[in-house]
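What follows is a single structure, written as structure tokens, with notes after it.
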Amino acid sequence: MQSPPQTAPEQPTRRAEDTFRRSAQWTALDRRAVDVARALAMDAVQHAGHGHPGTAMSLAPVAHVLFQKVMRHDPTDPGWAGRDRFVLSAGHASALLYVQLMLAGYPLSLDDLKEFRRRGSRTPGHPEHGHTPGVETTTGPLGQGVANAVGMAMAARYERGLFDPDAPDGASVFDHTVWVVAGDGDLQEGVCAEASSLAGHQKLGNLVVLWDDNHISIEGDTATAISEDVEQRYAAYGWHVQRVEPGPDGDLDPVALHDALLAAQRERGRPSLIAARSVIAWPAPRARGTAAAHGAPLGDGEVAATKTLLGLDAGLTFHVPDEVLAHTRTALDRGRAERTAWNARFAHWQHSHPARAAEYERITRAQLPAGWENKLPSFEPGTTVATRAASGAVLAALGPLLPELWGGSADLAGSNNTTIDPASSFLPAGNPLPQADPYGRTVHFGIREHAMASVMNGVVLHGSTHVYGGTFLVFSDYMRPAVRLAALMRLPVTYVWTHDSIGLGEDGPTHQPVEHLASLRAIPGLNVVRPADANETATAWAEILRRRRTDPAPHGLVLSRQGLPVLAPDARAARGGYVLREAEGGAPRALLVATGSEVALAIAARELLQERGIPTRVVSLPCLEWFMEQDRSYRDEVLPPGVRARVTVEAGIGLGWERIAGEAGGVISLERFGASADGALLFREFGFTPEAIAAEAENAVARAARR
């Protein structure tokens with residue numbers, strides 16, 4: 001641990017107004033830097049032959065003010081914990097971000113801009129987290145960035161509560177701002193509306209969204225699709241709303257932008273929306289204000305004309321004058337100075353709070369505390385427990401030991417068993433509920449499944465806490481775009497999806513998932529875990545927690561509503577598949593492979609087959625993805641290639657199971673929607689019985705013998 005300074009560094013408060021004005025000085029070099037940024041964006045798109053130049057041109061003053069005047073960041077250390085976060089929700093305007101990163105001194109060069117949108121470049125078509133230094137999240141699907149930013153703002157508050165809850169507002173080393181640039185398309189997406197409503201309810205004063213109000217989308221003027229008063233909508237959500245009009249020349253006024261951004265940063269009790277009226281592709285003489293400028297190169301002639309209008313040499317491409325680069329690279333000096341000052345304050349915090357500092361180190365390294373596995377619950381074999389209840393028991397047991405574990409449900413906590421602490425709800429000061437706590441453990445996402453999944457992505461992107469969110473499996477459909485992005489970014493978020501089959505019963509086909517398991521397994525990088533019983537559920541949670549450090553990825557924990565027979569615990573469940581019941585009377589002639597509630601049916605079917613003289617092995621396969629990670633020898637040990645009579649059993653569509661069953665095997669599945677009736681009755685009606693499984697296994701044995 002670092003030695004503390006002799007005296008505590010001065011704690012920052014809101015900057016004084018005269019400091020705002022001094023830092024807001026707008027010089028001829030600032031204007032020239034903005035014009036050069038516009039030219040670079042045009043050149044990058046023109047050189048690539050495709051892309052989105054218009055927004056990158058019109059918002060160049062916004063980006064310059066943020067990266068050069070307002071935002072706390074250090075280009076030499078893009079992952080610095082004390083930085084502000086910047087999210088380009090309008091990810092199609094990626095050139096806007098790449099140009100600012102290069103000009104400010106991040107590890108991005110003019111050559112990288114020349115490789116814009118090309119294979120293997122650090123400047124892909126849309127920003128990609130983990131690929132380009134300075135990119136905080138993968139954006140492009142509209143609305144996702146705004147929702148990610150809401151998660152970042154929530155995470156910042158939660159982490160402050162973990163490590164520095166007693167510091168005055170604005171004075172903690174963990175206080176910072178989440179800045180977002182969003183377009184008309186973002187604000188039209190439903191996920192953005194859900195997330196913005198949640199942000200207003202949570203009073204996230206550390207969140208600022210600048211809305212590029214340019215009235216243009218791909219199909220033309222936004223009057224084709226939207227007529228609501230967006231500012232009034234956000235005011236109704238509980239946001240602080242400002243408007244910035246163009247300057248006298250029609251361009252965005254950088255000083256007005258600067259003042260609005262700082263006013264938003266000073267607003268601590270509400271998230272802020274800044275409606276900035278811009279003209280897309282400004283100042284291109286023919287392309288500005290047109291839909292064509294949104295998503296296509298301007299053309300050599302228009303690029304040259306625009307450069308001439310800006311006072312730049314039309315014959316030069318990817319040109320940054322030395323004086324402009326020297327000016328924008330002063331961001332390096334500012335960033336280093338801010339980080340040095342923050343490091344001193346952080347060292348003082350470490351010295352003053354040694355226990356919290358030790359916890360911070362453990363959590364940021366994704367390490368689990370010693371002895372945590374001893375706290376996992378164990379369930380008595382022979383009893384009956386719903387796996388959703390077992391999951392709730394795991395959360396209750398581990399919650400006191402793992403403060404980084406937090407989450408909730410999309411208004412289904414009582415059904416999902418996701419309440420980690422009923423006495424502590426993540427709610428802002430002033431909320432009337434008695435359990436409200438700005439730093440609470442249990443999150444009430446509301447009936448906002450899509451936003452919940454996107455917010456969870458933002459939480460994980462922000463720091464090192466482990467967030468989970470629950471709903472019914474059938475409603476994973478509402479979450480899918482954000483789940484896909486979590487898989488794309490390899491984010492260790494955990495989805496608690498309960499009510500996993502027709503076994504949920506009388507709620508009927510609208511709530512009974514059929515195609516969902518296959519659909520989710522089709523997402524590369526998503527691990528779908530469907531435990532057979534309570535002990536497999538505990539093992540699954542333990543493995544998910546371990547993998548957060550060793551192999552980060554999203555996990556969907558798929559759980560039953562109905563009680564399931566408890567089996568003896570077996571650590572091999574963490575390998576994704578294992579031999580649960582071995583064949584008796586010789587080597588196995590048939591394999592029964594099942595997941596979830598159907599494992600108990602396979603065990604019963606095995607007894608019938610054994611009585612009929614067919615040695616049968618039962619394999620529990622809670623996670624196909626984990627199983628396929630194992631080496632070939634282990635997989636062949638569990639599923640011997642020579643045993644071709646295989647029957648897979650899962651109460652969902654059979655798509656994908658044929659690769660396990662093979663040519664001689666059989667797939668017992670559900671290829672239709674369910675019905676409103678008792679779950680046990682539906683299992684019998686749709687052929688999920690020991691007798692049906694045994695009969696299919698006998699057929700498979702016969703087919704294998706003939707081939």
How many angstroms lie between CZ in Phe86 and CG in Leu101, if you round to the nearest 0.5 Å?
8.5 Å
Note: Arg83-Asp74 ion pair, threshold 4.0 Å (strictly below):
no
Please determine whether side chain to side chain contact (heavy atoms under 4.5 Å, CB included) holds for the pair Met152 and Thr137, giving the CA-CA distance in whole Å, both sets of side-chain angles, and the decisive distance to 0.1 Å.
CA-CA 10 Å; Met152 292 177 185; Thr137 181; 4.3 Å; yes
Minimum side-chain heavy-atom gap Leu545-Leu402 below 4.5 Å
yes
A quick test of your reading: do over 12 heavy atoms of other residues, nucleotides or ligands sit less than 6.0 Å from CZ of Arg548?
yes
Any side-chain donor near an acceptor of the partner, Gln144 and His450, under 3.5 Å:
yes
Between Asn214 and Ser278, is there a donor-acceptor pair closer than 3.5 Å when you use the side chain of the first and the backbone of the second?
no
Would you find a donor on one side and an acceptor on the other, under 3.5 Å apart, between the side chain of Gln202 and the backbone of Phe426?
yes
Would you compute the distance between atom OG of Ser121 and atom CG of Asp111 and round it to the nearest 0.5 angstrom?
11.5 Å
Check this for me, if you would: do Arg334 and Glu338 make a salt bridge, where the nitrogen-to-carboxylate-oxygen distance has to be below 4.0 angstrom?
no
Compute whether any side-chain donor of one residue and acceptor of the other, for Glu267 and Ser272, lie under 3.5 angstrom apart.
no
Inter-residue atom distance His327.NE2 - Arg32.CZ, 0.5 Å rounding
12.0 Å
Which heavy-atom pair separates Thr123 from Asp112 by the least distance, and what is that distance?
OG1-O, 2.7 Å
Has the side chain of Asp175 got a donor or acceptor atom that lies under 3.5 Å from a matching backbone atom of Gly170?
yes
Side chains of Trp239 and Ser196: donor-acceptor distance under 3.5 Å anywhere?
no
Give me the ring orientation class for Trp80 and Trp342: parallel if the planes are under 30° apart, tilted from 30 to 60°, perpendicular past 60°.
perpendicular
For Asp77 and Arg339, what are the C-alpha separation, side-chain angles and deciding distance, and is it a side chain to side chain contact (heavy atoms under 4.5 Å, CB included)?
CA-CA 9 Å; Asp77 188 359; Arg339 183 163 56 88; 3.7 Å; yes
In short, Asn148 meets Thr138 closest at the heavy-atom pair OD1-O, 4.3 Å
Hey, can you tell me if His462 and His176 have their rings parallel, tilted or perpendicular (30° and 60° cut-offs)?
parallel
Closest non-hydrogen atom pair between Glu189 and Leu142, with its separation:
CG-O, 3.2 Å
Check whether any side-chain heavy atom of His126 lies under 4.5 Å from a side-chain heavy atom of His92, and answer yes or no.
yes
I need the Leu427 CG to Asp437 CG distance, nearest 0.5 Å.
9.0 Å
Does Tyr234 have Arg270 sitting over its ring (NZ/CZ under 6.0 Å from centre, angle to axis within 45°)?
no
Backbone N or O of Leu325 within a donor-acceptor pair of the Thr328 side chain at under 3.5 Å?
yes
Is it true that Asp551 and Arg490 make a salt bridge, defined as a side-chain N closer than 4.0 Å to a carboxylate O?
yes
Tell me, do Arg85 and Leu461 make a side-chain contact under 4.5 Å, heavy atoms counted?
no
Quick check: do Trp211 and Ser89 have side-chain heavy atoms less than 4.5 Å from each other?
no
Would a distance-only check, ignoring hydrogens and angles, find a side-chain to backbone donor-acceptor pair under 3.5 Å from Arg549 to Arg365?
yes
I'd like to know if Glu359 and Arg362 make a salt bridge, using a cut-off of under 4.0 Å between side-chain N and carboxylate O.
yes
Would Val443 and Trp406 count as a side chain to side chain contact (heavy atoms under 4.5 Å, CB included) if you check the C-alpha gap in whole Å, the side-chain angles of each, and the deciding distance to 0.1 Å?
CA-CA 7 Å; Val443 183; Trp406 63 307; 3.5 Å; yes
Are a donor atom and an acceptor atom from the side chains of Asp30 and His64 found within less than 3.5 Å of each other?
yes
Distance col, row Met71:CE vs Thr177:OG1, nearest 0.5 angstrom, shows 10.5 Å
Do any N or O atoms from the side chain of Ser424 and from the backbone of Arg441 form a donor-acceptor pair under 3.5 angstrom?
yes
Between Ser94 and Gly125 (side chain of the first, backbone of the second, donor and acceptor by atom type, cut-off under 3.5 Å), is there such a pair?
yes
Please collect all side chain to side chain donor-acceptor pair (under 3.5 Å) contacts where either partner lies in residues 35-57, sequence neighbours excluded, each pair once.
Arg38-Asp251, Asp43-Lys307, Gln46-Asp300, His47-Arg118, His50-Arg117
Mind checking whether Arg122 and Pro107 have side chains closer than 4.5 Å, heavy atoms only?
yes
Rounded to the nearest 0.5 Å, what's the gap from CG on Leu162 to OG1 on Thr465? Could you check?
7.5 Å
Does either side chain, that of His555 or that of Glu543, offer a donor lying less than 3.5 Å from an acceptor on the other one?
no
Leu405 to Tyr158 - nearest heavy-atom pair and separation:
O-OH, 4.3 Å
Does any part of the side chain of Phe445, heavy atoms only, come nearer than 4.5 Å to the side chain of Glu194, both counted from C-beta?
no
State, with a plain yes or no, whether a side-chain heavy atom of His466 is found less than 4.5 Å away from one of Ile363.
no
Shortest non-hydrogen contact from Pro321 toward Val36:
CD-CG2, 3.8 Å
Quick one: do Thr330 and Gln68 satisfy side chain to side chain contact (heavy atoms under 4.5 Å, CB included)? Show the steps, please.
CA-CA 8 Å; Thr330 59; Gln68 296 291 327; 4.2 Å; yes
Between Pro127 and Leu88, what is the shortest heavy-atom contact and its length?
CG-CD2, 4.3 Å
Is there a side-chain contact between Leu261 and Lys69, using heavy atoms and a 4.5 Å cut-off?
no
